[in-house]
Amino acid sequence: MFVGAPFRREFYARPVLVVARSMMGCHLVSDTESGRVVVRVTEVEAYAGADDGASHAHRGQTARNAAMFGPPGHAYVYFTYGMHWCLNVVAEADQVPAAVLVRAGEVIEGVETARSRRIPGKDRDLARGPARLAQALGITGDINGADLTKADGVLRLGAGSTPADDQISEGPRVGIRSATELPWRLWITGDPTVSTFRPAAT
DNA sequence: CTTCCGATATACT
DNA sequence: GTATATCGGAAGG
């Protein structure tokens, strides 16, 4: 299994990577009718624009990826594999496509609510993987494009506890076939809620 | 822990 | 028609 390399400061070479690094340890707060759930982010991936072969924005703007071209701090939520929602945070200036996929987190509040939204299983798996995380938070395409910095939003992104550089590992992104050489996945080293690395199906 | 594989909507060739 | 930024269940170590 791929174990990753220590986080390097050179990672800051691109704005979207700075945002990805800054999101490590942040809190995602969702308030819905079924209750509040707070997740601490433990794993993210950066996606850029035309020069990133694995990005949804690689071939330009479409109806699906339009939110990626919107203002930073807003949500880009997409539907995939016919059944899963995945949450991204738009990362760069308006009209500049870039987003950070939130791949995993630890549920630190509202564990009961999160459990009720998921199939029975271990608590550490509640938000382990992008689709599971979206499900635990009760997120769907309804909030695509929503401002995550608004105090009264259904989903909000806030400060949590930022890990030190030596607590972070970097490695290849999961489930992609293009641009696999870019180490644009970040995770908290050794955290049990981080998803396991899976190469794309051949 | 691992591998294998089916389910299923949307975007793209 | 084919691929996909995935998950969950089954089976094997």
Side-chain angles (χ1 to χ4, degrees), chain A residues 1-4 11 14 16-17 19-21 23-24 28 39 41-70 74-92 97-105 107 114-145 148 155 169-187 190-202:
Chain A
M1 180 204 287
F2 191 88
V3 293
F11 198 83
R14 301 177 62 127
V16 68
L17 302 177
V19 175
R21 171 65 182 88
M23 281 174 56
M24 298 297 293
L28 282 165
V39 165
V41 175
T42 58
E43 180 185 1
V44 300
E45 283 177 0
Y47 286 88
D51 65 334
D52 178 4
S55 172
H56 287 169
H58 178 52
R59 297 179 190 84
Q61 185 170 345
T62 66
R64 178 210 210 186
N65 67 22
M68 274 186 88
F69 291 75
H74 288 230
Y76 165 44
V77 184
Y78 68 89
F79 193 57
T80 192
Y81 289 100
M83 61 185 95
H84 299 305
W85 294 102
C86 296
L87 169 68
N88 296 249
V89 178
V90 179
E92 296 194 29
V100 176
L101 171 69
V102 185
R103 280 198 60 86
V107 178
R115 277 190 199 131
S116 72
R117 292 171 176 157
R118 299 262 313 120
I119 58 154
K122 297 174 184 172
D123 283 356
R124 63 168 255 187
D125 291 333
L126 284 173
R128 191 180 192 224
R132 292 167 174 172
L133 178 135
Q135 199 177 352
L137 287 169
I139 296 308
T140 70
D142 290 350
I143 66 147
N144 187 37
L148 301 180
L155 182 69
S169 297
E170 63 178 50
R173 294 173 290 185
V174 175
I176 57 166
R177 311 223 16 215
S178 307
T180 53
E181 74 285 0
L182 299 176
W184 285 8
R185 171 180 175 231
L186 294 182
W187 65 95
D191 190 288
T193 66
V194 171
S195 63
T196 54
F197 178 70
R198 240 186 312 196
T202 51

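From a predicted model like this one, the values you see are computed outputs, not experimental measurements. Quick note on labels: first sequence line is chain A, next is B, and so on, each numbered from 1.
Checked for salt-bridge contact, A/K122 and A/D125 miss the test: no charged N lies under 4.0 Å from a carboxylate O.
Where DNA chain B pairs in unbroken runs of 3 or more (Watson-Crick or G-U, both distances under 3.5 Å), the stems are B:1-7 with C:6-12, B:9-12 with C:1-4.
Look at A/H56 and you'll find a side-chain N or O under 4.0 angstrom from OP1 or OP2 of C/dA5. Taking only side-chain nitrogens and oxygens, A/R118 comes nearer than 4.0 Å to OP1 or OP2 of C/dG8. Within the 4.0 Å cut-off from OP1 or OP2 of C/dA5, not a single side-chain nitrogen or oxygen of A/R185 is found. Under 4.0 angstrom from either OP1 or OP2 of B/dT13 there lies at least one side-chain N or O belonging to A/R59. One finds no side-chain N or O of A/R198 lying less than 4.0 angstrom from the OP1 or OP2 phosphate oxygen of C/dT6. Close to C/dT6, at under 4.0 Å from its OP1 or OP2, lies a side-chain N or O of A/R103.
Rounded to a whole Å, the CZ atom of A/R128 is 14 Å from the C1' atom of C/dT6. Taking atom CD1 on A/I119 and atom C1' on C/dA10, their separation rounds to 13 Å, with Å as the unit. Rounded to whole Å, the distance from CD on A/E43 to P on C/dT6 is 10 Å. For the pair A/Y47 OH and C/dT4 P, the interatomic distance rounds to 12 Å; values are reported in whole Å. Between the CG atom of A/N65 and the P atom of B/dT10 there is a distance of 15 Å, rounded to whole Å. Atom pair A/Q61:CD and B/dC12:C1' shows a separation of 16 Å (rounding to whole Å applied). Atom C1' of nucleotide B/dA11 and atom CE of A/M68 are separated by 15 Å, given to the nearest angstrom. A/R177 places its CZ atom 8 Å from the P atom of C/dA3, with the value rounded to the nearest Å.
In terms of position on DNA chain C, the residue among A/P120 and A/G175 whose nearest nucleotide sits closer to the 5' end is A/G175.
Between A/E43 and A/S195, some side-chain heavy-atom pair lies under the 4.5 Å cut-off.
Residue contacts for A/R64: at a heavy-atom cut-off of 4.0 Å it reaches the sugar-phosphate backbone alone, with no base atom in range. Using a 4.0 Å heavy-atom distance criterion, A/L101 is classed as a base contact. Within 4.0 Å (heavy atoms only), A/A131 reaches sugar-phosphate atoms of the nucleic acid but no base atom.
Ring-plane geometry between A/H56 and A/Y78 is classed as perpendicular, the angle between the planes exceeding 60 degrees on a 0 to 90 degree scale with a lower cut at 30.
Pairing each heavy atom of A/A54 with each of A/I176, the nearest pair is CB-CD1, 3.7 Å. For A/C86 against A/L101, the heavy-atom pair with the smallest separation is CB-CD1, 4.0 Å.
Using modelled atom types, one side-chain atom of A/R132 and one backbone atom of A/R128 make a donor-acceptor pair closer than 3.5 Å. Proximity of a side-chain donor or acceptor of A/S55 to a complementary backbone N or O of A/A48 within less than 3.5 Å is detected. Under the 3.5 Å distance criterion, the side-chain polar atoms of A/R173 are matched with a main-chain donor or acceptor of A/A46.
Relative to the side chain of A/Y76, the nucleotides B/dA7, C/dT4, C/dA5 differ in distance, and C/dA5 lies closest. Side-chain atoms of A/T62 lie closest to B/dC12 of the nucleotides C/dC7, C/dA5, B/dC12. Out of B/dC1, C/dG8, C/dT6, the shortest distance to the side chain of A/R132 is found at C/dG8. Of the candidate nucleotides C/dC7, B/dA9, C/dA5, C/dC7 has the atom lying nearest to any side-chain atom of A/H84. Distance from the side chain of A/N88 is smallest to C/dA5 among C/dC7, C/dA5, B/dA7. Comparing atom distances between the A/F79 side chain and each of B/dA7, C/dT6, B/dA9 picks out B/dA9 as nearest.
The ring of A/Y78 does not lie on top of the base of C/dA5; it is either too far (5.5 Å or more) or too tilted (30° or more).
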Subject >> Derivation and outcome, side-chain hydrogen bond (donor to acceptor under 3.5 Å, both in side chains), residues A/R117 and A/Q135 >> reply: CA-CA 6 Å; A/R117 292 171 176 157; A/Q135 199 177 352; over 6 Å; no
